[in-house]
Amino acid sequence: MAAELSIPGPGSAPASKRPPGDAPIFEVRGLVKHFPIGGSLRLRRSTGVIQAVDGVDFALHKGETLGLVGESGCGKSTVARTVMRLEEPSAGEALFHGKDIFRADAAELKLVRRRIQMIFQDPYASLNPRMRVGQIIAEPWVIHADMLPRSQWATRIGELLESVGLLPDHAQRYPHEFSGGQRQRIGIARALALNPEILVCDEPVSALDVSVQAQVVNLLEKIQSKFHIACLFIAHDLSVVRHMSHRIAVMYLGRIVEIGKVEHVYKTPRHPYTKALLSAQPRIDFTSKAVADRIRLQGEVPSPANPPSGCRFRTRCWKAQALCAEQSPPLRAAGPERQVACHFPVEAGDAVAQLAGSPR
Amino acid sequence: MPDAGAPLLEVNDLRVEFRSGREIVRAVNGATFSVRRGETAAVLGESGSGKSVTAAAIMRLLASPPAHITGGSIRFNGIDVLGTPMSEWRQRCGRELGMVFQDALASLNPVFSVGWQVAEPFRAHGILDTRAALERAEALLGRVGIPEPHARARDYPHQFSGGMRQRVMIAMAIALDPSLLIADEPTTALDVTVQAQIMDLLLDLQRERHMAMVLITHDLGVVAEVADHVAVMYGGRVVESGRVRDVLSRPAHPYTLALLESVPRADLDQQQLNPIVGSPPDMATLPVGCSFHPRCRRASEQCRASSPPGVEVAPGHHAECFHAQAVFDGR
């Protein structure tokens with residue numbers, strides 16, 4: 001692992017929606033994370049497992065944003081936490097520049113974590129209320145002592161605060177003196193302190209007010225293109241993900257059901273779940289077409305402790321047939337840079353009205 | 001769809017303060033809107049805009065102290081809500097109003113079965129005895145889409161999923177066939193596919209019972225899809241109101257316009273979002289003049305000095321802004 005890290009400066013700033021580079025810098029293969037149920041009691045054997053993530057593969061290229069969407073319980077946050085090794089994976093590998101971080105020892109992991117940083121959802125819980133903003137941002141340099149000589153800390157803190165739209169003077173203040181949006185900026189500055197190559201953003205704007213969300217979304221985009229950082233962007237808000245991402249992966253019950261370029265997936269979703277999810281999103285659109293395309297899924301997401309056999313979406317799917325219960329559909333190529341895990345993917349000509357099932 | 005006639009609910013220049021020690025928080029500083037029978041009015045605002053306090057004031061749920069209603073009026077079905085003694089109000093209006101809250105888990109009692117809780121309005125109003133009330137509760141649970149209502153009525157709130165709990169709360173709210181349902185962020189805590197189911201259920205019930213609805217929300221998309229009228233709140237005031245289509249497709253208040261420009265739209269491919277600078281105001285220290293002026297691109301001298309007048313830019317479309325006509329005209 002190369003330890004020399006250039007401090008990215010301005011100048012390496014191509015357009016924001018530039019196509020990602022070729023070779024992936026980060027690749028996750030066969031990621032599985034099962035949580036035991038009731039396993040904490042020693043006398044009783046574990047009664048089962050929550051299959052939070054059950055075989056997830058994706059790659060991330062330099063400077064690319066991959067959006068990871070899905071409803072609560074689909075495993076998207078568990079993916080984020082396991083690739084950071086905040087949770088230990090049950091199986092799989094995560095190759096960062098070819099090296100498997102799931103098998104890295106403590107010293108190697110420390111080096112990896114310099115290059116992969118995380119931005120959390122809750123800007124209130126993720127900043128220590130007793131530390132000044134300057135200390136919060138400098139803390140990564142305390143842990144990674146060889147990164148930056150202490151004499152340069154103050155200057156760098158000022159630069160980082162300015163790069164996220166705050167003032168160098170703010171370093172002297174405490175988190176409670178800031179609004180939610182400003183706190184999220186502080187969290188971003190802290191994540192940038194180590195010049196990461198990858199940012200893992202777990203619902204970075206969902207706790208913010210609507211009028212403030214756009215500020216943080218724009219800031220993330222600006223920073224990403226300025227420093228050429230790759231981003232794993234996890235969110236449940238489909239419009240935000242569409243805006244931020246080059247590619248998108250849709251998760252359902254611990255698996256990726258569809259992955260592809262944002263414009264393709266949003267325009268012509270191939271997996272029935274993707275289609276239903278996109279159509280359920282309330283939209284500001286007064287054309288009648290918006291309402292006509294509506295698909296209402298019945299029921300709710302099954303428990304990840306006892307997922308359906310075969311395709312996990314089949315219990316709510318209007319296209320499900322016998323095969324879907326028997327065989328789990330693998331993620332297969334379905335068009336340019338597109339993969340879908342479905343035995344009967346949605347075709348362009350499918351009549352929506354008749355396949356929607358009765359709405360209730 | 002809705003018929004004309006006198007509004008069922010009329011909120012006029014409502015003002016609510018919270019007093020604690022020496023601090024006064026003016027949560028609502030002049031909210032005006034109305035709802036007709038069978039119609040849906042959305043109250044749209046961000047956190048702290050006063051939308052939930054307005055809802056609580058209509059339901060008379062504000063505890064005093066700390067809350068004080070310092071001005072304005074609420075008329076429901078011709079009755080002066082704020083001027084009626086509480087006991088009389090309960091008798092005359094309790095049945096006519098139902099409310100659904102955002103957090104169903106916090107709003108349901110964890111130690112009673114859901115059937116018992118849904119049956120409570122019938123018992124409380126002395127309409128039915130315990131057994132008959134329970135039967136009605138089961139029928140209601142079936143109506144709101146709970147499978148096997150007879151068996152599920154014996155379960156407790158924690159045994160239901162978020163979406164199912166929200167259905168239970170809706171069953172409770174509609175039990176006495178209210179003419180007005182107030183829904184405070186009813187789907188905010190839910191996933192998008194479940195949110196769509198709950199919104200459909202509310203709209204169905206509304207049509208079936210010719211019920212009016214006040215929908216409190218921060219979600220522009222929800223407003224666009226389900227409401228007839230919208231009242232946009234900022235800094236405790238209704239700053240713009242009118243028919244949803246009019247307001248959202250041709251806003252006259254800079255805040256509404258900026259809000260629309262700042263959200264990523266699924267139907268447009270925007271290169272960059274256009275955020276609103278700054279953050280929502282601190283309600284304890286509201287700016288002088290128009291409370292939106294520190295964040296407004298159009299703010300002029302008069303906006304900083306005095307409160308803007310209400311302007312009717314088109315029939316039934318009001319905005320409180322010195323520049324309303326210019327914003328409306330796209331100038």
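Per chain, numbering begins at 1; letters A, B, ... match sequence-line order.
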key: Considering all heavy atoms, the nearest A:Val212-B:Glu46 contact   = N-OE1, 4.4 Å
request  = Classify the side-chain pair B:Arg295/A:Ser211 by whether it contains a donor and acceptor separated by less than 3.5 Å.
outcome  = yes
ask   = Where do A:Ser239 and B:Pro264 come nearest, in terms of heavy atoms and distance?
value = CB-O, 3.3 Å
request  = Would you check if the side chain of A:Asp209 reaches a backbone N or O of B:Ser47 as a donor-acceptor pair within less than 3.5 Å?
outcome  = yes
note = CG (B:Leu273) and CG (A:Leu219) are apart, to the nearest 0.5 Å, by 12.0 Å
ask   = Counting only heavy atoms not in B:Glu148, do more than 12 sit closer than 6.0 Å to its CD atom?
value = no
inquiry  = I need the A:Glu71 CD to B:Leu190 CG distance, nearest 0.5 Å.
reply    = 10.0 Å
request  = Go through A:Glu300 and B:Asp191 one step at a time and tell me if the side chain to side chain contact (heavy atoms under 4.5 Å, CB included) criterion holds.
outcome  = CA-CA 10 Å; A:Glu300 297 177 24; B:Asp191 275 317; over 6 Å; no
request  = Give a yes or no on whether the backbone of A:Ile284 and the side-chain of B:Glu225 come within a donor-acceptor separation of less than 3.5 Å.
outcome  = no
request  = Hey, could you give me the OG/CG distance between A:Ser179 and B:Asp282, rounded to the nearest 0.5 Å?
outcome  = 11.0 Å
note = Per-residue tally against chain A (heavy atom, under 4.5 Å) across B:Ser249, B:Gly48, B:Gly278, B:Gly162 peaks at B:Gly278
request  = Decide whether B:Ser262 and A:Gln213 meet the rule of one side-chain donor and one side-chain acceptor closer than 3.5 Å.
outcome  = no
query = Ignoring hydrogens and geometry, is there a side-chain-to-backbone donor-acceptor pair from B:Gln197 to A:Gly299 under 3.5 Å?
reply = yes
task = Give the member of A:Val216, A:Leu208, A:Val217, A:Val240 that has the highest number of heavy-atom pairs under 4.5 Å with chain B.
result = A:Val240
inquiry  = With a 4.5 angstrom heavy-atom cut-off, is it the side chain or the backbone of B:Leu259 that approaches chain A, or both, or neither?
reply    = side chain
message = Heavy-atom cut-off 4.5 Å, strictly under: side chain, backbone, both or neither for A:Val210 against chain B?
response = both
query = Given the options A:Pro282, A:Gly73, A:Ala214, which has more heavy-atom pairs under 4.5 Å with chain B than any of the others?
reply = A:Pro282
inquiry  = Please check: side-chain N/O of A:Gln281 versus main-chain N/O of B:Val192, any donor-acceptor pairing under 3.5 Å?
reply    = no
ask   = Non-hydrogen atoms of chain A under 4.5 Å away: do they reach the side chain of B:Met164, the backbone, both or neither?
value = both
task = Examine whether an atom of B:Val226 lies under 4.5 Å from a heavy atom of chain A, and if so say whether it belongs to the side chain, the backbone or both; otherwise answer neither.
result = neither
query = Which atom names give the shortest non-hydrogen contact between A:Leu297 and B:Thr193, and what distance separates them?
reply = CD1-CG2, 3.8 Å
